[in-house]
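In what follows, a single structure is set out as structure tokens and then discussed.
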2 protein chains.
Amino acid sequence: MLTINRKTDYAARILLHLAMQPPGTTVTVQEAAQARLVPYPLARRLFSLLANAGFLKTHRGKGGGFSLARSPAEISLLEVVEAVEGPVALNRCTVEPQECPLVSDCPVHEEWVKARDVLRDYLGRVSFQQLAERAIQPRNHPDPRGGAQ
Amino acid sequence: MLTINRKTDYAARILLHLAMQPPGTTVTVQEAAQARLVPYPLARRLFSLLANAGFLKTHRGKGGGFSLARSPAEISLLEVVEAVEGPVALNRCTVEPQECPLVSDCPVHEEWVKARDVLRDYLGRVSFQQLAERAIQPRNHPDPRGGAQ
DNA sequence: TATAATGATACCATTTTGGTATCATTATAC
DNA sequence: GTATAATGATACCAAAATGGTATCATTATA
Ligand code: FES
Ligand code: FES
């Protein structure tokens, strides 16, 4: 199967969780891991990774946690995938040209590159802003009587 | 890295090799493996797989080999990828919905599905006919023997 | 009948994956 | 100022996937 790995999926869930909070909210690993069903120790590592990659600010010590370092509008799914998973290469040789001794005479190569670009392009256009908005809509069932609580 | 695996790359090379021959040509594993730099025992397995998947006809016995079972114009890169590698899922849950307990309330899901469709769509449009034609064009280097055909 | 090809499949070492555990550090709450 | 609740960093692990080899059986030709 050609798929992203579990960690990448988890990271996306985590960032989405952050993006769904009011701006500036600090979230603890515990909370996010429970809410988005990510195994806690793995969530620990992923939060760290996302912080090191510049997506999150960390707040250490009691009462601490993580908050977004950038606006959800400026974080794309592509960035997260590549931060966790490494490049979207599609074929190894698009990223390590020395890998394939045929590269100078390989007509398939160009198509792997183009397909990769198509995919990267799409993922690059998906922002966590969009995702969060989409998430919130079905959450508050439009309740004309104002009984949300 | 998000990539196809080596076997898939090899399979594509092999099918391209076939597609570049005059229609109906029978090719031996030895020959193709050498020409496209695929380790021989692995090439054996891949030819078998491609034959079982309906891409190739086999000719057993001395003087045998493999030939295309379908026109190169009707074989897409996508089909080969999925035959060797399994589905282009992008995220596991697009193919095994029970995988993710969040699927009913996961706004990312839809984007994985769409991104996957974009990728599958592109790969589905690349035929080995095109690839073979593109391969032959730049072959302007005069062949030591007979030249172009 | 010897030979040259594929069919099928078992085997293997290495890497990747998904996950856990631990100890160190930091900041708050009281 | 100390107990506590959080992150930082990293080591560890089992299981699966990956990339590759080897072997024996079968088939058809020369
Ligand atoms: S060299 Fe990149 S696909 Fe052949
Ligand atoms: S359920 Fe498919 S991405 Fe969340």
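Here is the naming used below: chain letters follow the sequence lines, and residue numbers restart at 1 for every chain. Everything numeric in this text was worked out from a predicted model, so none of it was measured.
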Work out which heavy atom in [X] is nearest to a heavy atom in [Y]; give both atom names and the distance.
X       : Y        : value
B:Ala19 : B:Leu68  : CA-CD1, 3.9 Å
B:Arg36 : A:Asp105 : NH2-O, 4.1 Å
B:Gln21 : B:His17  : NE2-O, 3.0 Å

According to a strict under-4.0 Å criterion, is [X] in side-chain N/O contact with OP1 or OP2 of [N]?
X       : N      : answer
B:Thr28 : C:dT6  : yes
B:Ser48 : C:dG7  : yes
B:Tyr10 : D:dG20 : yes
A:Asn5  : D:dA17 : no

Problem set entry | A:Tyr40 vs B:Leu42, nearer the 5' end of DNA chain D by closest nucleotide | A:Tyr40
Whole angstroms only, please: what is the [atom1]-[atom2] distance between [X] and [N]?
X       : N      : atom1 : atom2 : answer
B:Leu37 : D:dG19 : CG    : P     : 17 Å
A:Asp9  : C:dG19 : CG    : P     : 10 Å
B:Met1  : C:dT17 : CE    : C1'   : 15 Å
B:Lys57 : C:dT6  : NZ    : C1'   : 16 Å
A:Phe47 : C:dT26 : CZ    : C1'   : 18 Å
A:Leu50 : D:dG8  : CG    : C1'   : 14 Å
B:Leu49 : D:dG20 : CG    : P     : 15 Å
A:Arg44 : D:dC12 : CZ    : P     : 18 Å

For this session: Would you state whether a donor and an acceptor, one from the side chain of B:Arg45 and one from the base of C:dT6, lie under 3.5 Å apart?
Result: no
Exercise. Would you say the side chain of A:Arg6 and the base of C:dG19 hold a donor-acceptor pair, judged only by whether the two atoms sit under 3.5 Å apart?
Worked result: no
Exercise. In residues 58-69 of chain B, which ones come under 4.0 Å of DNA chain D, going by heavy atoms?
Worked result: B:Arg60, B:Gly61, B:Lys62
For this session: Assess whether side chain to side chain contact (heavy atoms under 4.5 Å, CB included) is satisfied between A:Arg125 and A:Gln130, documenting all intermediate values.
Result: CA-CA 10 Å; A:Arg125 290 182 205 280; A:Gln130 295 165 43; 5.7 Å; no
Problem set entry | Shared hydrophobic cluster, A:Leu49 / A:Val38 (ILVMFWY, side-chain heavy atoms < 4.5 Å) | yes
Exercise. Do the side chains of A:Leu42 and A:Leu18 join up, straight or via other hydrophobic residues, at under 4.5 Å, putting them in one cluster?
Worked result: yes
In residues 70-91 of chain B, what donor-acceptor pairs under 3.5 Å come from side-chain atoms, sequence neighbours left out?
from    : atom 1 : to       : atom 2 : distance (Å)
B:Arg70 : NH1    : B:Glu79  : OE2    : 3.4
B:Arg70 : NH2    : B:Glu74  : O      : 2.7
B:Arg70 : NH2    : B:Glu79  : OE1    : 3.1
B:Arg70 : NH2    : B:Glu79  : OE2    : 2.8
B:Ser71 : OG     : B:Ala73  : N      : 3.0
B:Ser76 : OG     : B:Leu78  : N      : 3.4
B:Ser76 : OG     : B:Glu79  : N      : 3.1
B:Glu79 : OE1    : B:Ser76  : N      : 3.0
B:Glu82 : OE1    : B:Arg120 : NH2    : 2.9
B:Glu82 : OE2    : B:Val88  : N      : 2.8
B:Glu82 : OE2    : B:Arg120 : NE     : 3.2
B:Glu85 : OE1    : B:Asn5   : N      : 3.1
B:Glu85 : OE1    : B:Thr8   : OG1    : 2.5
B:Asn91 : OD1    : A:Arg6   : NH2    : 3.0
B:Asn91 : ND2    : A:Asp9   : OD1    : 2.7

Exercise. For D:dA28, what is the paired nucleotide under Watson-Crick or G-U wobble rules, both distances under 3.5 Å?
Worked result: C:dT3
Exercise. Does C:dT20 have a Watson-Crick or wobble mate here (both distances under 3.5 Å), and if so which one?
Worked result: D:dA11
Exercise. Counting any heavy atom closer than 4.0 Å, what does B:Pro41 reach on the DNA or RNA strands: base, sugar-phosphate only, or nothing?
Worked result: base
